[in-house]
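Values below: every heavy atom of this structure, side chains too, minus hydrogens, waters and symmetry copies. All residue numbers in this chain count up from 1 along the given sequence.
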Amino acid sequence: MFRTPILFSLIFFLLFLSQVKAQKSGRITGIVQESAQHTPVQHATVSVINSSDSVLVSYRLTDARGRFSFNNLPAGKQLTIQVNAWQYSMLKKQLTLEDNQQDIDLGIFTLEQKVNRLDTFTVSSIRPPVLVRKDTIEFNAEYFRTLPGAVLEDLLKKLPGVQVSSSGVSVNGKKVSRILVDGKVFFGSDLTIAGKNLPSDIIEAIQVMDDREFAISNPDVREGETPQVINLKLKKGSKTRPLGRFYGGAGTEGRYEIGGILNYFRDTIQASLLGYGNNINRTGFNPDEARLISKFESGGLGGNDAGVQTSAGAGVNLNKTFRNGLIANLQYFYGKADNRLDQLMNRNQVLEEGALISRSDLAYTDRKYNHRVNGRLEYNIDKTTKLIVQPSVLFSGSRYQSASHLLTSDQAGTDINRSDNSQDQKTDNITYNVGALLSHDFKKKGHSLNVTLEVNDVDNRNNHLTAAYNQFFQPEDSTSILNQKRHTGVETLNGYLYASYNNPLTEKIALYAILNISYWDKTNNLSTYWGNTIKDPSLSEKVNQLGIGTISTIGIEYKLKNGLLLRPGISMNTLYMRNRFITYPDFNRQLNFLSPALIVRYKSVGLNYSRTAQAPDMSYLQPVPDNTDPVYINKGNPELLPTRTDNLGLGFYSYDTRRKMNYNFTLRGSLRHNSVVSSRNIDSNGIQVNMPVNADRTYLFYSSGTIGKDFKNTDRQIGINLGYSAQYERSELVLNQQHIKTRQLTVGPTVGLQLNLHDKIEFNQRYSLNINTSGYDDGYLPDQHFTSHLTATELIIRFTRHFVFDTKYDMIMNQQMTGFNSNIRLWNMGATFLFMKKDRLQLKLSVNDLLKSNVNRYRVIEQNYTLDAQYNNLGRFFMATLNYRIF
């Protein structure tokens, strides 16, 4: 089954190796050190430049010992070795490699420290391709060539250590959380909008740094889990004209897409406007077909959402910098989406005596809309104090209508019940939110105060109409008819305060204090009416929960010379809840306990331990059953106790600058006391009532790891990524009053290969394996096991400067699935024709789902049942799309 993509992988991997072997061999090494103490200089940039035309051949960053090395350099050409490091003067050396010359040691490059230590970049006659200063890596865009018409995403793929995939952008193994333009927010820092719509030739430099706002609010997160921020420094010339693009496409089966984005950048003001509409399962501004060097993305197997979706939206982004240093950002978004789904499901539930087998078909339409206004004020009060305030308002709503048919039988095939169910739901929501962050560094080094505050107010209204006709065949024939209306009003006020204080006592010892306060006031007001008019008191209730939780931690931080950091501490946890009902007795809950806290850091390794308490969600406390599906009834449990959890984390992160490799490993474990699990009772008619209950001593372990290696120079690029994720959970299921210990293991290794040859051929291959097993201590529940394989093969060929061919072939194979064809093959293909100067005009002809698979499938193992599902997707259609760029 996997013969075709594996063959493609081997061919292109061998092609790459042949290209590398064709190079004339030449290897040079050296060491960079500073002149005063003769100590190594780490992260110095060593560039190899062709002396005749000043074109970059290759470059390296020195490692912790100041070492660097180059392989496969061109022979017979005069080369310039240039060494740059922040706060040091530049050095140059020229040499010429002879044919087949091996192992040249250039010795030691000694750098003189500059007198003026400025935090700004010093312009020299030849700027280095990469400069590392403090915690910022800066890439000089002119050294990383892209084809005419390329966008930011294409430029990012050229940078060392940067990986771009459908799941996002990462730098040296760390995820990128935000993209800024000249230090300002761009459409809520949306990676997709920036990556696929900003031209690469307007960018002067790309800066990468830790997300300081995230680090302030999450000081216990280890280095490898701190996300990165990308800041784009634009060329001066790009700030004199508008930039943008417009596109439109039409296809068979009534498919269409249309959209555009227009940007206006100045030093003190930025403005962007976008709009889009399509019926090809794109829920955001993500028109990949409009890219010159694009991959044809259909949104994955079946699109971004299950079913077929029609969506539209518009937004505006404004940034203004004032003279006093205040930066203001305002964003407005409007979006709507209509989704249509047709789904078939098989559910096999094992019981102590036999099994319940349910077959159902569901058809629904879901219409959603939202208006969202976001603001951001960023003010540097002085050099040591920064204040960020972010208010937002969201108005949203939906209309959901469905019709389903269900037939349940036993293991022998005897019918137990049948249900025809129609649902009509209308939801309206208003959310107000404001967040603030204050950070202050005192004059004493390491002495700091950070405060984060967030408050949100939510008002959600839901009207739910149900019309159901149910037949029951066991132990004797009977019927029931349900015609009711449920009105639910949920009002929520949440507040969160986080404050951390650091006070150094000596160079090695510091005191720290951390305060977390959570406050909530939640109301769930449920009213049920028979025939839409007569109120049913037994199915109506109002629940109010007011609560406050605090975690107060004090401790000492030790810094040792060998890189070891210890942060032992002690935490005081408090949790108070006041619960009020109309018909159910009121009650209060209170929990207080002391617990140790520990953080250990040694170079790239981190270990942490903490204990937390969590109140049960208010929806779990609603004692009135949800009977909108009379066969599957959900009921709350006011008797639930808070969950107390012991958390342990271990992590390792490292980036080898000399070998361009990153390593990331995570292991997290939690032991939960009074965790919330499901209790299910099934009667002779097959009616199932689910209710949350507490279970003691359940635990969860999660681990993940990645290894990435880059081989990048100006002409050839290859990236290899290996990774895995694994989760093991030991929990409990209560089935017909019987307590059953459960264990579930999920393992998913992945392999990825990215290849680019001279920007003429691009090849990407990804394979992942998902292994799922579930086991039970009780003998009558058999262990469950299934595996799924996913492979994605992508090929892009630029035959001429004005013609690009791309194709993508995905396969998924689900083993042990019942009732449906378990194998899916999705093949997309496209051809792009480029016109006008800088390829401003592009025409793309494409086909989606060439093999006409039309459906998608998945399998789930939960508790004592397996669920196999099949649903519709876009199917096959042909499309022509025109794209015009404004540079």
Side-chain angles (χ1 to χ4, degrees), residues 347 349-352 356 522 543 545 547 549 551 573-577 579 584-585 587-593 595 609-626 632-649 667-683 687-703 726-746 772-784 860-867:
R347 177 174 172 143
Q349 187 170 190
V350 180
L351 305 177
E352 187 171 9
L356 286 181
K522 302 179 181 180
V543 182
Q545 183 185 87
I551 304 176
N573 290 258
T574 67
L575 183 64
Y576 172 78
M577 295 179 295
N579 300 280
Y584 194 87
F587 65 92
N588 298 333
R589 301 278 190 210
Q590 188 166 351
L591 186 64
N592 303 295
F593 60 89
S595 64
Y609 167 81
S610 64
R611 178 178 290 178
T612 58
Q614 183 178 7
D617 190 89
M618 186 184 60
S619 63
Y620 287 163
L621 302 180
Q622 177 60 268
V624 173
D626 181 355
Y632 296 98
I633 299 174
N634 293 303
K635 184 179 180 180
N637 180 8
E639 302 296 330
L640 285 177
L641 299 173
T643 300
R644 193 174 53 181
T645 306
D646 291 280
N647 303 288
L648 182 66
L667 174 63
R668 293 195 296 266
S670 62
L671 173 62
R672 295 165 294 187
H673 305 271
N674 292 323
S675 63
V676 178
V677 300
S678 176
S679 173
R680 184 181 307 117
N681 288 308
I682 306 173
D683 65 13
I687 297 177
Q688 307 185 34
V689 179
N690 298 283
M691 184 175 71
V693 296
N694 288 119
D696 200 22
R697 299 187 66 83
T698 67
Y699 51 86
L700 174 71
F701 290 100
Y702 173 80
S703 179
Q727 179 172 298
Y728 178 78
E729 183 175 17
R730 182 72 165 169
S731 188
E732 186 174 286
L733 167 66
V734 183
L735 184 61
N736 290 333
Q737 309 302 319
Q738 184 176 356
H739 292 252
I740 303 170
K741 293 293 184 180
T742 65
R743 56 191 184 276
Q744 186 163 8
L745 174 66
T746 303
N772 294 267
T773 62
S774 292
Y776 310 89
D777 287 355
D778 192 285
Y780 77 83
L781 289 177
D783 292 351
Q784 303 288 334
V860 174
I861 297 179
E862 285 287 345
Q863 299 166 5
N864 66 320
Y865 66 85
T866 59
L867 177 67

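- Within 6.0 Å of OH on Tyr620 lie no more than 12 heavy atoms contributed by other residues, nucleotides or ligands.
- Atoms CD and CG, from Gln349 and Leu781 in turn, are 9.5 Å apart once rounded to the nearest 0.5 Å.
- Shown here is Gln614, whose CD atom has no more than 12 heavy atoms of other residues, nucleotides or ligands within 6.0 Å.
- Across Asn694 and Glu639, no two heavy atoms sit closer than the pair OD1-O, 4.2 Å.
- Note that CD1 of Ile740 is 9.0 Å distant from CD of Glu732, once rounded to the nearest 0.5 Å.
- A heavy-atom distance below 4.5 Å is found between the side chains of Pro623 and Val543.
- The side chain to side chain contact (heavy atoms under 4.5 Å, CB included) with Met691 is formed by just one residue from the set Asn681, Asn637, Val734; it is Asn637.
- What you find for Pro642 and Asn674 is that their closest heavy atoms are O-CB, 3.4 Å.
- At a threshold of 4.5 Å between non-hydrogen side-chain atoms, the residues Leu648 and Leu667 do not count as touching.
- Residues satisfying the ring pair (Phe, Tyr, Trp, His ring centres under 6.0 Å) criterion with Tyr865, sequence neighbours excluded, are absent altogether.
- Between Val693 and Val677 there is a side-chain heavy-atom pair separated by less than 4.5 Å.
- For the residue pair Arg644 / Asn573, no side-chain donor-acceptor distance below 3.5 Å is found, with atom types taken as modelled.
- In this structure, Glu729 pairs ionically with Arg672, as a charged nitrogen and a carboxylate oxygen lie closer than 4.0 Å.
- Counting all heavy atoms, side chain and backbone alike, Ile861 lies closest to Ser774 at CG2-OG, 3.0 Å.
- With contacts defined as side-chain heavy-atom distances shorter than 4.5 Å, the pair Leu640/Pro692 qualifies.
- Pairing each heavy atom of Gln863 with each of Ser678, the nearest pair is NE2-CB, 3.3 Å.
- Looking only at distances, no side-chain donor or acceptor of Thr742 sits under 3.5 Å from a matching main-chain atom of Tyr776.
- With rounding to the nearest 0.5 angstrom, the CG atom of Leu641 is 8.0 Å from the CE atom of Met577.
- For the atom pair CG of Leu735 and OG of Ser679, the computed distance is 8.5 Å after rounding to the nearest 0.5 Å.
- Heavy-atom minimum distance, Arg730 versus Asp777: NH2-OD2, 2.7 Å.
- The shortest distance between side-chain heavy atoms of Arg589 and Leu575 does not fall below 4.5 Å.
- Between Asn647 and Thr645, the side chains place no donor N or O within less than 3.5 Å of an acceptor N or O (distance only, hydrogens not considered).
- Here the shortest heavy-atom pairing between Tyr584 and Pro638 reads CE2-CB, 3.5 Å.
- The number of heavy atoms from other shown groups lying within 6.0 Å of CZ (Arg743) is above 12.
- One distance of note links CG of Asn690 with CZ of Arg680; it measures 5.0 Å at 0.5 Å rounding.
- Using a 3.5 Å distance cut-off with no hydrogens or angles, the side chains of Thr746 and Asn772 do pair a donor with an acceptor.
- Side-chain atoms of Tyr609 and Asp646 include a donor-acceptor pair closer than 3.5 Å.
- Taking CG from Asn579 and CG from Asn588, the interatomic distance works out to 7.0 Å, rounded to the nearest 0.5 Å.
- A heavy-atom distance below 4.5 Å is found between the side chains of Ile682 and Asn736.
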